[in-house]
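Residue numbers count from 1 along this sequence. Below, each value reflects all heavy atoms present in this structure, side chains not excepted, and no hydrogens, waters or symmetry copies.
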Amino acid sequence: MQQQTGSRIAFCLLFQGRVKGLFSKLCRDFFKQSIHAVVFQRAVIADSLYSINKSMIFSKPDWHSDAYWHHAFGPAPTRNVNYSIKEEPQLWDSFVDYTHRQLEELGTRYGKIDCLWLDGGWVNKDNLDQDIRLGEIVEKLRKGPQPHLIVCDRTVGGIYENIVTPEKQVPEEPLFIPWETCTTVGEKFSFHYTDTFKSGRELVHLLLDVVSKGGNLALNLAPQPDGELPGRAVASLRDMGRWLRMHGEGIYETVIAEPFFERNIKYTKKGKTIYAFYLYEDYARLPLRVHLTVPDKISRVRLMRTGQDIPFEQKENKIILDTETADINTAFYADCFILE
């Protein structure tokens, strides 16, 4: 079984928009402008020629809602609802209605939504009866404006966790289900002045680790208080975008390819074409011989970055590339060999 996805990388900008009484008009207008800015302009950071899909991130618990943390029951001892749902069913029903109206607004006022990405997995029927009756609103959206809607009810399982989302980690082995690593460009999900950001090389290597195991990569970046994106993070993302412009063929719309990864080499595949990425550390340097593993006979090998043909020998499922004359003058982060 092969896992395939058209979009292998996503960028997430987090804005706080939930207030009592649904979204405030200010937050709603700002949110809509942000959606239009991201969707209808060129991809500012990745500068990719591939299409942009939209996911809506929604946090199921709402600690600002009196229907979730009600003042009459005192401070909440945990992040869960602070009252007994069995004893206060009407109060919980009001929270469910509040949640459904927000999700309906997200699904009807901002155009096509590809994925509804739900955080707060502890809000579920099996935990303190926190059942928001998700199926009701999801099926309503699917029967109406969002028939194609993918739902990611994180960590809950069941028919509405269409994507598995390990947070800030990458599985050790390939997963043969739809999945993505959700992580941060820096160390934090929210903005911190002292945050440290991943370099362009670290982001590219992270992406290759994820893609070689069949996943997508969702990168979170929080804006500064003035609304600008942190300059150091943007620089790293631009470097990543520069690398993707050269090597996107081996990333987008690919599937996993055995042996998936070995040493510092990551594999992907598209049709009968195999892509073998050789990851560089501090600077670009190829050994005179690069050893690869392939399932079938190979007739041609090219260096993606330059189009240069690379001499090779094949013995059964092993290939030895002769890279002595390979041009690495413009190489950075990782090179890709196209095996045909």
Side-chain angles (χ1 to χ4, degrees), residues 2-11 42-53 170 174 180-181 183 185 198-219 234-287 290 292-294 298 300-310 312 319 321 323 325-340:
Q2 294 178 323
Q3 171 67 25
Q4 179 171 357
T5 358
S7 175
R8 304 311 293 268
I9 185 167
F11 296 101
R42 294 191 60 176
V44 176
I45 297 172
D47 196 19
S48 169
L49 298 180
Y50 296 86
S51 62
I52 297 175
N53 297 326
V170 180
E180 71 178 17
T181 284
T183 190
V185 180
K198 296 175 179 64
S199 66
R201 177 180 62 81
E202 289 174 316
L203 291 176
V204 168
H205 286 195
L206 174 60
L207 174 63
L208 289 170
D209 189 23
V210 169
V211 170
S212 69
K213 296 171 181 175
N216 290 339
L217 175 61
L219 288 173
V234 170
S236 293
L237 290 171
R238 288 191 182 279
D239 281 347
M240 186 186 198
R242 184 164 57 97
W243 184 89
L244 279 168
R245 284 199 299 274
M246 297 180 184
H247 301 95
E249 176 189 336
I251 300 294
Y252 299 104
E253 298 179 342
T254 58
V255 300
I256 54 178
E258 294 188 46
F260 314 120
F261 54 90
E262 54 184 348
R263 304 179 304 279
N264 63 328
I265 297 167
K266 312 289 186 181
Y267 295 91
T268 64
K269 184 171 69 171
K270 187 183 299 180
K272 295 183 178 181
T273 301
I274 296 172
Y275 303 96
F277 292 90
Y278 188 95
L279 278 62
Y280 297 123
E281 289 304 324
D282 295 332
Y283 56 92
R285 180 180 179 181
L286 283 171
V290 173
L292 303 176
T293 303
V294 294
I298 298 300
R300 185 185 184 191
V301 177
R302 291 179 292 127
L303 184 61
M304 181 180 290
R305 179 173 42 82
T306 64
Q308 177 184 3
D309 280 283
I310 302 296
F312 68 94
I319 282 186
L321 306 184
T323 59
T325 60
D327 181 3
I328 61 170
N329 288 327
T330 59
F332 64 106
Y333 303 155
D335 256 320
C336 180
F337 296 100
I338 305 174
L339 284 61
E340 301 169 308

Distance, nearest 0.5 Å, that separates CG of Leu203 from CG of Leu237: 6.0 Å
Side-chain donor or acceptor of Gln308 paired with backbone N/O of Thr325 under 3.5 Å: yes
Donor-acceptor pair, side chain of Asn264 and main chain of Leu279, under 3.5 angstrom: yes
Any side-chain heavy-atom pair of Glu249 and Tyr275 under 4.5 Å: yes
Whether Thr268 side chain and Gly250 backbone form a donor-acceptor pair below 3.5 Å: yes
Phe337: which of Ile274, Ile265, Leu303 passes side-chain contact (heavy atoms from CB on, under 4.5 Å): Leu303
Ion pair Glu281/Arg201, N-O distance below 4.0 Å: yes
Spacing of NZ belonging to Lys266 relative to CG belonging to Asp209, to within rounding of 0.5 Å: 4.0 Å
Pairwise distance CG(Asp309) to CZ(Arg300) - rounded to 0.5 angstrom: 4.0 Å
Side chains of Tyr267 and Glu258, donor plus acceptor under 3.5 Å: no
Close side-chain approach of Asn216 and Val210, heavy atoms under 4.5 Å: no
Qualifying residues under ring-ring contact (aromatic ring centres under 6.0 Å, His included), relative to Phe277, sequence neighbours excluded: Trp243
Check: His247 and Cys336 side chains under 4.5 Å, non-hydrogen atoms: yes
Nearest heavy-atom neighbours spanning Ile256 and Ser212: CG2-O, 3.5 Å
Donor-acceptor pair, side chain of Ser199 and main chain of Glu202, under 3.5 angstrom: yes
Working for side-chain contact (heavy atoms from CB on, under 4.5 Å), residues Asp239 and Tyr333: CA-CA 10 Å; Asp239 281 347; Tyr333 303 155; 3.3 Å; yes
Validation row: Thr293, Glu262 side chains within 4.5 angstrom (heavy atoms): yes
Glu180 side chain near Leu217 side chain, heavy-atom distance below 4.5 Å: no
Derivation of the side-chain contact (heavy atoms from CB on, under 4.5 Å) call for Leu292 and Leu321: CA-CA 8 Å; Leu292 303 176; Leu321 306 184; 3.7 Å; yes
Met246 and Thr330, any side-chain heavy atoms less than 4.5 Å apart: no
Smallest separation among heavy atoms of Ala276 and Leu339, with atom names: CB-CD1, 4.3 Å
Donor-acceptor pair, side chain of Arg305 and main chain of Asp327, under 3.5 angstrom: yes
Side chain to side chain contact (heavy atoms under 4.5 Å, CB included) partners of Arg285, counting only residues at least two apart: Tyr283
Short side-chain to backbone donor-acceptor contact, His205 and Tyr280, under 3.5 Å: yes
Close side-chain approach of Lys198 and Leu219, heavy atoms under 4.5 Å: no
Phe260 six-ring face occupied by Lys213 cation (under 6.0 Å, within 45°): no
Heavy-atom side-chain proximity of Leu206 to Thr183 below 4.5 angstrom: yes
Stepwise side-chain contact (heavy atoms from CB on, under 4.5 Å) test for Leu244 and Ile251: CA-CA 8 Å; Leu244 279 168; Ile251 300 294; 4.1 Å; yes
Interatomic spacing from CG in Leu286 to OG1 in Thr323 - rounded to 0.5 Å: 5.0 Å
ring-ring contact (aromatic ring centres under 6.0 Å, His included) involving Phe312 - partner list, sequence neighbours excluded: none
Whether Thr254 side chain and Lys270 backbone form a donor-acceptor pair below 3.5 Å: no
Contact summary for Lys269 and Ala257, nearest pair of heavy atoms: CB-CB, 3.6 Å
